[in-house]
Protein chains: 4
Amino acid sequence: MSASSSVYAFLGPQGTFTEAALLQVPDAAQSTRVPASNVNAALDKVRDGSVNAAMVPIENSVEGGVTATLDAIAGGGELRIIREVLVPISFVLVARPGVRLADVRRVSTHGHAWAQCRLWMDANIPSAEYVPGSSTAASAMGLLEEGCHYDAAICAPLIARDQPGLSVLAEDIGDNPEAVTRFILVSRPGVLPARTGADKTTLVVPLPEDRPGALMEILDQFASRGVNLSRIESRPTGQYLGDYFFSIDADGHVGDERMADALAGLHRISPATRFLGSYPRADMQAAPVEPHTADQAFQAARAWVAGIFRPADESAESGSPASPKA
Amino acid sequence: MSASSSVYAFLGPQGTFTEAALLQVPDAAQSTRVPASNVNAALDKVRDGSVNAAMVPIENSVEGGVTATLDAIAGGGELRIIREVLVPISFVLVARPGVRLADVRRVSTHGHAWAQCRLWMDANIPSAEYVPGSSTAASAMGLLEEGCHYDAAICAPLIARDQPGLSVLAEDIGDNPEAVTRFILVSRPGVLPARTGADKTTLVVPLPEDRPGALMEILDQFASRGVNLSRIESRPTGQYLGDYFFSIDADGHVGDERMADALAGLHRISPATRFLGSYPRADMQAAPVEPHTADQAFQAARAWVAGIFRPADESAESGSPASPKA
Amino acid sequence: MSASSSVYAFLGPQGTFTEAALLQVPDAAQSTRVPASNVNAALDKVRDGSVNAAMVPIENSVEGGVTATLDAIAGGGELRIIREVLVPISFVLVARPGVRLADVRRVSTHGHAWAQCRLWMDANIPSAEYVPGSSTAASAMGLLEEGCHYDAAICAPLIARDQPGLSVLAEDIGDNPEAVTRFILVSRPGVLPARTGADKTTLVVPLPEDRPGALMEILDQFASRGVNLSRIESRPTGQYLGDYFFSIDADGHVGDERMADALAGLHRISPATRFLGSYPRADMQAAPVEPHTADQAFQAARAWVAGIFRPADESAESGSPASPKA
Amino acid sequence: MSASSSVYAFLGPQGTFTEAALLQVPDAAQSTRVPASNVNAALDKVRDGSVNAAMVPIENSVEGGVTATLDAIAGGGELRIIREVLVPISFVLVARPGVRLADVRRVSTHGHAWAQCRLWMDANIPSAEYVPGSSTAASAMGLLEEGCHYDAAICAPLIARDQPGLSVLAEDIGDNPEAVTRFILVSRPGVLPARTGADKTTLVVPLPEDRPGALMEILDQFASRGVNLSRIESRPTGQYLGDYFFSIDADGHVGDERMADALAGLHRISPATRFLGSYPRADMQAAPVEPHTADQAFQAARAWVAGIFRPADESAESGSPASPKA
């Protein structure tokens, strides 16, 4: 089967940062790429088998977790994250050709993008009014429509580059030049990505009860096995105030003994814990492992316990002292 | 000074759930109420002294923490939460008089409201297109404007009741009838609200380092003193992926010995910990306190340690044995 | 093989509380019973196969752990505890017939026994001088020897009953009428005593390093799996001050999932951990088990983790998204 | 008052290792030294004021804690440890002049000394019979008495050196050449020894209940404040099996903020916790202190919490929002 037979969904429309993330996946550039109008729609295409996988944003260094993704992946049919992609976030201000910065009175973009360009806007066009858009790309493309009621849009460089009907008024207008968004490629459950030694495991752990210490018990499952957490976010279950689940990224692969042992511990404490995948870290940084939490230590421990149950060579009866030798 | 001389800001525009929350504050109905266009603007009015206090949303049972508020209150000039208000969230669909449900093709509202009415929309007007709005009230009021490009809006019952230009097409269209939003009244630092025995303390605790156990150390400061947490949310600091602070609500008042002791422990571990206030719980539910974490136990412990330093009655020199009596 | 073919060693001489403990073992009364001069000698008889098992004291409610036993069982060839026996400790004062209490000037007994009868001695024969004995029975029997240089002995009722040459001057002279000593029956490794639901597991856990938290890590292995400890004693390894091992009794059987899991955790942290046996509790009191630490919870957790590794039904390649269905 | 007016008790008789320890105390060589027949007697002399202080053994690197001392100091009138002394333990075998090693058939000494010379005895005079003695010095001095029923004694070099009636048959017969015993100088409560930066604090902490986690809670009081433990020993309270107290040595001085804070925490959990003194370590090794557990961190934390209660400069009423500035 050729790579081009794969089909990918992504949080659209075309030209968003999410499509930029998808284009980093080796065979995606040659594959069919299907935009989805929201995260749930993208994931449902995976669930119903109409695409191989979907790319969606999960975490932004400025705005935090992408709650729509955290919630969508935590429920419904089981899915697996098989890859993560980091995309530096850089914003441009676009308008129709001929429009000058001084002409701009109304600016549209997605709320998250607006939040990340506040300083630049306050410094350069402080009187501009904000018009909410459903995505950065939708705001940019809206400029091309008849009767558009705003003058400019904040969007990704990708869309501006490909659209001759848009001209760039300003580049790099984001307040934090280090801003980066993390995206995940999501598939149906199947074979796990292989261990690379620099992996990440994503989990959903419902908080079992509103009692002192429940969260500590959860964290202790990781800490007591030397597993570091790189992300932890609380999300409401939607049932009532104070009912949470935690979305967690932990360093390591479920194929690591310490991770598998931690997952078993989590399942005991919170049986509805959901495994969302083990996959290579985008930064390929391996976390250091102490000897007593290495695979070898777990295997030796298991062998030692098994040995306790093995009858000794000499004859012996259950519960009775061994026979004297002579 | 009469109560009517107070001035309150709130996250506007008028008619939002936030104004409904503010109206629950005893003297607010008779006071001047100033809408603010966003949370930062509302809080800045408090900081610069132009209002006495501001009401903003902080947590929604369905959508989770209100990140704009969590972030705004965590930085900038110090502020204090002096009251919390719970408002049941009930949505109505409004349109101009004469418009029927069957006529609705485009619906505007705030993204959070849209997310909470998805099931009803899918069941009743599945083909309706979503038009993002900056607030539920703005979407509703937009219907009254010339050239409005949508047909209906989802908003709070409050605004529909007061606007003769709007008619209600459907009531209680929220997917979760138990949905509730928590609002906070924020003031400048000053005298603390008095202990009631059923109080809540809100804190911002930066995660000191990305190491296994840092979050556990933070949680242990509460757990080891018997302080229960009713809310914990991670938020990115905006610096880089994985750099967090935690927004925490803990049961009790800083005037409780166990809470003051926990705060001292937090400050040691994370010196940039910020105290955002101790105030009465909206539900007036007192948490049970075990004897060894009651005020009396802390006071007795302090007295006991102090006694160790008190010289005995008999004469004694530092480091030398006491003199014999005879 | 008839029960009478078994051979038991015990910490002698005859007539000590240890022999009383051994007589509680069903077939021991009809078996050959061999006194040993000290705990090491008794255990060496087990190790070299010359007896089936040995009875030795391990813990006294007044004097604490029997350090000779704790140390002897912690090192050398591996042994297994297969039974525990509790013996109420009651002391009598004996002398040769004709000797009256008023005549007693020197009293011999084992140091532990002397410590437990101090109040009675101070109240009744305060001027009596103490003569150390190597055991209570040795002191009693010494009275029958030519040229004995003391007048009375403190010993177990058992020896006084069987010796016509001794008369009892006073009974129940122990200071604590609730005093009890716990004895253990030790065998070579073989088949484990069966689970009864009210079991105890004895372990030797060397403290891995002199660092803050090492002991807590050990205790956490039990606590995090809901395993209660009924005894914990520190013992020096004999190498240098501050180098310890811990002798621990934990509620439950290694055949319980939670205990086996705790043992594996201990082995990782302290690889020289030694398993000394799982055996029925003398008091037959079963400890309550919470659902999330029951066997079923561990088995379910293991099955869940195993399921993560199982390929889904649909074809999939490692690291690649699953093929689309159509 | 001259130093020579001090009076010291010690666990006698003269010539024991305990007197050797006492002679290391600067003014003790010129002071009156009173031997006591047992630890309780020595401590009672301190309690009733008949001596300034008493030297008693507390811990042996081979035999472990000296239970008589651990128990005696844990109860009764309050006492304070003001100094510790380490004495290398070296044993000699003595007899009356003219006796040769080949003549020795019965050897007397204290049980602890016998245990520490077993290998030498087995290798050199394996057939020698053991005769229990109440102390090493008593066994040695007994050789000088009429009608002594043993031929040699194991004792400290000190006594052999001073007694012309004894000759040394063998030196350095202890099995562990590194053996050392730790002694403590005990006084009545008075002024604390000054902080040196390399101090030790001794505590008695009753285990509050036989529940999972009680010991962990105790240890957490130290660990969470970065206080290292150099010794922990469990002792039975004497009430019933499983009722313990812990004898603990912790690095640091109660004048260190982290230690005072830990003590307050212990008192809450176990109100009968007893402080037995802060005093300089014999090895003068200072433990490293992390910044967040240094005095400065505790003082800064306390100041920060106090600041929360301080009214701001602007006028404000309890529970009410601050007045607007204009």
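Keep in mind it's a predicted model, so treat the numbers as computed, not measured. Throughout, protein chains are lettered first and strands after them, A, B, ... in sequence-line order, and every chain is numbered starting at 1.
- Closest non-hydrogen pair, A:F275 versus C:W304, comes out as N-CZ2, 3.9 Å.
- Residues passing the salt bridge (charged side-chain N to carboxylate O under 4.0 Å, His left out) test with A:R268: none are found, sequence neighbours excluded.
- Within residues 247-259 of chain A, the residues having any heavy atom under 4.5 Å from a heavy atom of chain C are, by residue number, A:V254, A:G255.
- Residue with the most contacts toward chain A among C:P271, C:S278, C:A300, C:A303: C:A300 (heavy-atom pairs, distance under 4.5 Å).
- Neither the backbone nor the side chain of A:S270 comes within less than 4.5 Å of any heavy atom in chain C.
- For the pair A:E217 and C:H292, the minimum side-chain heavy-atom distance is below 4.5 Å.
- Contact of C:Y279 with chain A is not made at all, since no heavy-atom distance falls under 4.5 Å.
- The nearest pair of heavy atoms linking A:V305 to C:A264 is CG2-N, 3.7 Å.
- Considering CZ of A:R80 and CD1 of C:I308, their distance stands at 6.5 Å, rounded to 0.5 Å.
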